[in-house]
Amino acid sequence: MIYSIASQKGGVGKTSSSISLSAGLARKGKRVLLVDIDSQANSSKVILPDYPRIQKQQTIYATILERSPLPVHHTQIPNLDIVPSHILLSNTDVELTTAIDHREERLKKELDVIKNQYDYIFIDCPPTLSWLTINSFTASDKVLVVVSPGYFELDSIVQISKTIREVKEFFNPHLELAGFLFTMSDPTVNSKTSLQILRQTYTGMVLNTIIPRNTDLRDAHFQQQDIFSFNAKSAAAQAYNKLIEELFRI
(Lines give C-alpha, C1' and ligand atoms only; values in the text may rest on other atoms or scores of the structure.)
Protein backbone atom coordinates (compact mmCIF):
# COMPACT_ATOMS: atom_id res chain seq x y z
CA MET A 1 0.00 0.00 0.00
CA ILE A 2 1.42 3.37 -1.05
CA TYR A 3 0.43 6.56 0.80
CA SER A 4 1.16 10.14 -0.18
CA ILE A 5 1.45 12.42 2.86
CA ALA A 6 0.44 15.80 1.50
CA SER A 7 -0.40 19.41 2.32
CA GLN A 8 -0.50 22.53 0.22
CA LYS A 9 0.99 24.63 3.01
CA GLY A 10 4.31 24.15 4.76
CA GLY A 11 4.80 23.94 8.51
CA VAL A 12 1.72 21.82 9.23
CA GLY A 13 3.47 18.65 10.42
CA LYS A 14 3.57 16.82 7.09
CA THR A 15 7.19 15.68 7.36
CA SER A 16 6.81 14.84 11.06
CA SER A 17 3.84 12.67 10.15
CA SER A 18 5.73 10.99 7.30
CA ILE A 19 8.67 10.14 9.57
CA SER A 20 6.50 9.07 12.50
CA LEU A 21 4.23 6.79 10.47
CA SER A 22 7.20 5.20 8.70
CA ALA A 23 9.26 4.68 11.86
CA GLY A 24 6.26 3.56 13.90
CA LEU A 25 5.25 0.84 11.44
CA ALA A 26 8.86 -0.26 10.97
CA ARG A 27 9.21 -0.66 14.73
CA LYS A 28 6.14 -2.89 14.66
CA GLY A 29 7.93 -5.25 12.27
CA LYS A 30 6.55 -3.97 8.96
CA ARG A 31 8.85 -3.44 5.98
CA VAL A 32 8.61 0.26 5.18
CA LEU A 33 10.00 2.58 2.51
CA LEU A 34 9.90 6.35 2.94
CA VAL A 35 10.25 8.31 -0.31
CA ASP A 36 11.24 11.92 0.26
CA ILE A 37 10.13 13.89 -2.77
CA ASP A 38 10.15 17.31 -1.04
CA SER A 39 13.12 19.40 -2.23
CA GLN A 40 13.62 20.69 1.32
CA ALA A 41 14.72 17.10 2.13
CA ASN A 42 13.78 17.38 5.81
CA SER A 43 12.82 13.70 6.14
CA SER A 44 16.16 12.74 4.62
CA LYS A 45 18.10 15.02 6.98
CA VAL A 46 16.43 13.48 10.03
CA ILE A 47 16.61 9.82 8.98
CA LEU A 48 20.08 9.77 7.37
CA PRO A 49 22.93 11.04 9.61
CA ASP A 50 25.30 11.11 6.61
CA TYR A 51 22.87 13.04 4.41
CA PRO A 52 25.29 15.97 3.72
CA ARG A 53 27.65 13.53 1.96
CA ILE A 54 24.99 12.10 -0.36
CA GLN A 55 25.31 13.12 -4.02
CA LYS A 56 22.33 14.10 -6.16
CA GLN A 57 22.62 10.87 -8.20
CA GLN A 58 21.99 8.97 -4.94
CA THR A 59 18.65 10.73 -4.41
CA ILE A 60 15.17 10.90 -5.92
CA TYR A 61 16.61 13.54 -8.27
CA ALA A 62 18.08 10.71 -10.35
CA THR A 63 14.66 9.10 -10.75
CA ILE A 64 12.56 12.18 -11.45
CA LEU A 65 14.98 14.12 -13.64
CA GLU A 66 17.25 11.41 -15.08
CA ARG A 67 14.72 8.53 -15.14
CA SER A 68 17.03 6.20 -13.19
CA PRO A 69 16.02 3.43 -10.74
CA LEU A 70 15.13 4.53 -7.21
CA PRO A 71 18.27 4.90 -5.04
CA VAL A 72 17.18 3.12 -1.85
CA HIS A 73 19.23 3.65 1.33
CA HIS A 74 19.02 1.56 4.49
CA THR A 75 18.51 3.47 7.75
CA GLN A 76 19.47 2.90 11.37
CA ILE A 77 15.84 2.06 12.13
CA PRO A 78 15.23 -1.68 11.58
CA ASN A 79 12.88 -2.44 8.64
CA LEU A 80 12.95 1.17 7.37
CA ASP A 81 14.53 2.23 4.06
CA ILE A 82 14.48 5.69 2.51
CA VAL A 83 14.85 7.28 -0.91
CA PRO A 84 16.31 10.69 -0.02
CA SER A 85 15.56 14.00 -1.69
CA HIS A 86 17.77 16.80 -3.04
CA ILE A 87 17.52 20.58 -3.22
CA LEU A 88 17.82 20.49 -7.03
CA LEU A 89 14.36 18.89 -7.19
CA SER A 90 13.16 22.47 -7.06
CA ASN A 91 13.96 22.58 -10.80
CA THR A 92 11.47 19.80 -11.55
CA ASP A 93 8.58 21.91 -12.80
CA VAL A 94 10.81 23.69 -15.32
CA GLU A 95 12.25 20.39 -16.56
CA LEU A 96 8.97 18.47 -16.74
CA THR A 97 6.97 21.23 -18.41
CA THR A 98 8.70 20.42 -21.72
CA ALA A 99 9.03 16.65 -21.18
CA ILE A 100 7.39 14.49 -23.85
CA ASP A 101 7.28 11.19 -21.91
CA HIS A 102 4.59 10.25 -19.36
CA ARG A 103 6.07 12.78 -16.96
CA GLU A 104 3.43 12.10 -14.29
CA GLU A 105 4.51 8.44 -14.09
CA ARG A 106 8.25 8.73 -13.52
CA LEU A 107 7.97 7.86 -9.83
CA LYS A 108 5.26 5.23 -10.35
CA LYS A 109 7.30 3.41 -12.99
CA GLU A 110 10.23 2.88 -10.62
CA LEU A 111 8.12 2.23 -7.52
CA ASP A 112 6.29 -0.54 -9.38
CA VAL A 113 9.64 -2.34 -9.69
CA ILE A 114 10.30 -2.50 -5.94
CA LYS A 115 6.96 -2.03 -4.16
CA ASN A 116 6.50 -5.76 -3.53
CA GLN A 117 9.54 -5.64 -1.24
CA TYR A 118 7.61 -3.50 1.27
CA ASP A 119 4.44 -3.68 3.33
CA TYR A 120 4.00 0.09 3.28
CA ILE A 121 5.45 2.95 1.24
CA PHE A 122 5.05 6.58 2.31
CA ILE A 123 5.80 9.55 0.06
CA ASP A 124 6.62 12.83 1.78
CA CYS A 125 5.22 15.31 -0.77
CA PRO A 126 6.32 18.92 -1.26
CA PRO A 127 4.03 21.61 0.24
CA THR A 128 3.05 22.74 -3.27
CA LEU A 129 0.78 21.39 -5.98
CA SER A 130 3.52 20.70 -8.54
CA TRP A 131 4.63 17.95 -10.92
CA LEU A 132 6.30 16.29 -7.92
CA THR A 133 2.95 16.12 -6.11
CA ILE A 134 1.26 14.82 -9.26
CA ASN A 135 3.97 12.14 -9.56
CA SER A 136 3.33 11.18 -5.92
CA PHE A 137 -0.45 10.98 -6.32
CA THR A 138 -0.13 9.03 -9.57
CA ALA A 139 2.04 6.44 -7.80
CA SER A 140 -0.14 6.17 -4.68
CA ASP A 141 -3.12 4.16 -3.52
CA LYS A 142 -4.19 6.77 -0.98
CA VAL A 143 -3.52 10.38 0.03
CA LEU A 144 -3.39 11.48 3.66
CA VAL A 145 -3.90 15.25 3.83
CA VAL A 146 -2.30 16.98 6.82
CA VAL A 147 -4.07 20.07 8.19
CA SER A 148 -3.15 22.34 11.09
CA PRO A 149 -5.24 25.05 12.83
CA GLY A 150 -5.81 28.31 10.97
CA TYR A 151 -7.92 29.95 8.27
CA PHE A 152 -5.35 29.71 5.47
CA GLU A 153 -4.58 26.09 6.35
CA LEU A 154 -8.25 25.14 6.06
CA ASP A 155 -8.65 27.17 2.89
CA SER A 156 -5.80 25.26 1.20
CA ILE A 157 -7.77 22.00 1.45
CA VAL A 158 -10.06 23.10 -1.39
CA GLN A 159 -7.19 23.21 -3.90
CA ILE A 160 -5.50 19.99 -2.80
CA SER A 161 -8.86 18.18 -2.94
CA LYS A 162 -9.28 19.46 -6.50
CA THR A 163 -5.82 18.11 -7.42
CA ILE A 164 -6.69 14.69 -5.98
CA ARG A 165 -9.86 14.59 -8.09
CA GLU A 166 -7.97 15.61 -11.24
CA VAL A 167 -5.22 13.02 -10.75
CA LYS A 168 -7.91 10.42 -10.15
CA GLU A 169 -9.67 11.44 -13.37
CA PHE A 170 -6.65 11.73 -15.67
CA PHE A 171 -3.81 9.59 -14.27
CA ASN A 172 -4.80 7.25 -11.43
CA PRO A 173 -8.44 6.10 -11.26
CA HIS A 174 -7.74 3.99 -8.15
CA LEU A 175 -6.54 6.92 -6.02
CA GLU A 176 -8.46 7.40 -2.75
CA LEU A 177 -8.46 9.97 0.03
CA ALA A 178 -7.31 8.29 3.25
CA GLY A 179 -8.61 11.22 5.25
CA PHE A 180 -7.65 14.54 6.82
CA LEU A 181 -5.17 14.43 9.71
CA PHE A 182 -5.48 17.35 12.15
CA THR A 183 -2.07 18.25 13.60
CA MET A 184 -0.53 20.83 15.94
CA SER A 185 -3.65 20.86 18.08
CA ASP A 186 -3.49 22.88 21.30
CA PRO A 187 -6.04 24.07 23.89
CA THR A 188 -6.87 27.35 22.12
CA VAL A 189 -10.06 28.73 20.60
CA ASN A 190 -8.37 28.83 17.18
CA SER A 191 -7.51 25.13 17.32
CA LYS A 192 -10.94 24.09 18.60
CA THR A 193 -12.75 26.22 16.00
CA SER A 194 -10.55 24.96 13.14
CA LEU A 195 -11.22 21.33 14.05
CA GLN A 196 -14.94 22.00 14.34
CA ILE A 197 -15.08 23.64 10.89
CA LEU A 198 -13.01 20.83 9.38
CA ARG A 199 -15.35 18.16 10.76
CA GLN A 200 -18.47 20.04 9.70
CA THR A 201 -17.15 20.62 6.17
CA TYR A 202 -15.66 17.16 5.56
CA THR A 203 -17.95 14.96 7.58
CA GLY A 204 -16.62 11.45 7.95
CA MET A 205 -13.27 12.19 6.30
CA VAL A 206 -11.50 13.69 9.33
CA LEU A 207 -9.54 11.07 11.24
CA ASN A 208 -10.40 10.57 14.88
CA THR A 209 -6.75 10.75 15.94
CA ILE A 210 -5.57 14.30 16.67
CA ILE A 211 -1.84 15.06 16.77
CA PRO A 212 -1.03 17.54 19.56
CA ARG A 213 1.46 20.38 19.31
CA ASN A 214 4.44 18.84 21.06
CA THR A 215 7.99 20.16 21.48
CA ASP A 216 9.29 16.58 21.66
CA LEU A 217 8.73 16.24 17.90
CA ARG A 218 10.86 19.28 17.15
CA ASP A 219 13.55 18.18 19.60
CA ALA A 220 13.57 14.64 18.19
CA HIS A 221 14.18 15.90 14.67
CA PHE A 222 16.88 18.27 15.90
CA GLN A 223 18.62 15.21 17.35
CA GLN A 224 18.09 13.33 14.04
CA GLN A 225 15.75 10.83 15.68
CA ASP A 226 12.17 9.72 15.15
CA ILE A 227 9.77 10.43 17.99
CA PHE A 228 9.73 6.80 19.16
CA SER A 229 13.52 6.73 19.55
CA PHE A 230 13.56 10.11 21.24
CA ASN A 231 10.68 9.70 23.70
CA ALA A 232 8.29 6.80 23.21
CA LYS A 233 6.14 8.06 26.11
CA SER A 234 5.63 11.55 24.71
CA ALA A 235 2.19 12.83 23.76
CA ALA A 236 3.22 12.89 20.09
CA ALA A 237 4.45 9.28 20.13
CA GLN A 238 1.24 8.11 21.75
CA ALA A 239 -0.82 10.05 19.21
CA TYR A 240 1.04 8.57 16.24
CA ASN A 241 0.62 5.09 17.69
CA LYS A 242 -3.13 5.76 17.83
CA LEU A 243 -3.02 6.98 14.22
CA ILE A 244 -1.26 3.78 13.12
CA GLU A 245 -3.92 1.75 14.89
CA GLU A 246 -6.72 3.78 13.30
CA LEU A 247 -5.32 3.68 9.75
CA PHE A 248 -3.79 0.22 9.65
CA ARG A 249 -5.45 -1.69 12.52
CA ILE A 250 -2.02 -2.50 13.95
Side-chain angles (χ1 to χ4, degrees), residues 1-7 10-54 58-60 70-86 117-127 136 140 142 144-148 178 181-185 207 209-250:
M1 187 67 72
I2 303 175
Y3 281 76
S4 279
I5 314 296
S7 66
V12 302
K14 170 187 61 66
T15 292
S16 295
S17 297
S18 300
I19 294 170
S20 299
L21 283 171
S22 299
L25 281 164
R27 292 182 184 282
K28 293 178 183 294
K30 301 299 180 182
R31 297 166 301 164
V32 182
L33 175 65
L34 174 58
V35 179
D36 187 357
I37 202 170
D38 184 346
S39 62
Q40 296 178 69
N42 290 331
S43 287
S44 307
K45 293 169 185 174
V46 171
I47 297 294
L48 293 172
D50 63 341
Y51 178 76
R53 295 193 293 274
I54 293 176
Q58 298 172 290
T59 72
I60 192 76
L70 284 164
V72 176
H73 298 244
H74 298 304
T75 75
Q76 295 177 329
I77 301 171
N79 303 314
L80 177 60
D81 292 341
I82 185 171
V83 176
S85 188
H86 195 277
Q117 300 174 28
Y118 298 95
D119 297 307
Y120 296 99
I121 297 174
F122 295 99
I123 306 172
D124 184 7
C125 299
S136 301
S140 296
K142 295 186 178 184
L144 178 64
V145 178
V146 181
V147 188
S148 66
L181 174 64
F182 193 73
T183 60
M184 298 186 173
S185 177
L207 295 170
T209 303
I210 305 299
I211 308 300
R213 188 181 296 276
N214 187 232
T215 56
D216 281 320
L217 267 175
R218 181 195 62 205
D219 295 344
H221 296 168
F222 187 76
Q223 297 292 331
Q224 290 187 296
Q225 296 180 39
D226 66 275
I227 188 62
F228 304 103
S229 300
F230 183 77
N231 184 359
K233 295 182 179 179
S234 66
Q238 292 178 36
Y240 278 111
N241 268 327
K242 286 182 182 177
L243 178 62
I244 288 170
E245 185 177 341
E246 180 177 357
L247 280 175
F248 310 109
R249 303 291 185 261
I250 297 173

[atom1]-[atom2] distance between [X] and [Y], expressed to the nearest 0.5 angstrom:
{"X": "S185", "Y": "I210", "atom1": "OG", "atom2": "CD1", "result": "6.0 Å"}
{"X": "N231", "Y": "Q225", "atom1": "CG", "atom2": "CD", "result": "10.0 Å"}
{"X": "L80", "Y": "L34", "atom1": "CG", "atom2": "CG", "result": "6.5 Å"}
{"X": "S16", "Y": "Y240", "atom1": "OG", "atom2": "OH", "result": "5.5 Å"}
{"X": "Y120", "Y": "I250", "atom1": "OH", "atom2": "CD1", "result": "4.0 Å"}

Among S4, S44, S43, the one residue meeting side-chain hydrogen bond (donor to acceptor under 3.5 Å, both in side chains) with D124: S43
Would you mind listing every salt bridge (Lys or Arg N to Asp or Glu O under 4.0 Å) that reaches into residues 228-249, with sequence neighbours excluded? none
Should the pair F248 and Y3 be assigned to parallel (<30°), tilted (30 to 60°) or perpendicular (>60°) ring geometry? perpendicular
Could you check I82 against Y51 for side chain to side chain contact (heavy atoms under 4.5 Å, CB included), going step by step and ending with a plain yes or no? CA-CA 11 Å; I82 185 171; Y51 178 76; over 6 Å; no
Determine, step by step, whether L25 and D119 satisfy the side chain to side chain contact (heavy atoms under 4.5 Å, CB included) criterion, reporting the C-alpha distance in whole Å, the side-chain angles of both residues, the deciding distance to 0.1 Å, and the verdict. CA-CA 9 Å; L25 281 164; D119 297 307; over 6 Å; no
Give the C-alpha distance, both sets of side-chain angles, the deciding distance and a yes or no for side chain to side chain contact (heavy atoms under 4.5 Å, CB included) between L144 and L207. CA-CA 10 Å; L144 178 64; L207 295 170; 3.5 Å; yes
From CA spacing to verdict: side chain to side chain contact (heavy atoms under 4.5 Å, CB included), N241, K28: CA-CA 10 Å; N241 268 327; K28 293 178 183 294; 3.5 Å; yes
Would one find more than 12 heavy atoms of other residues, nucleotides or ligands at under 6.0 Å from atom CD of Q117? yes
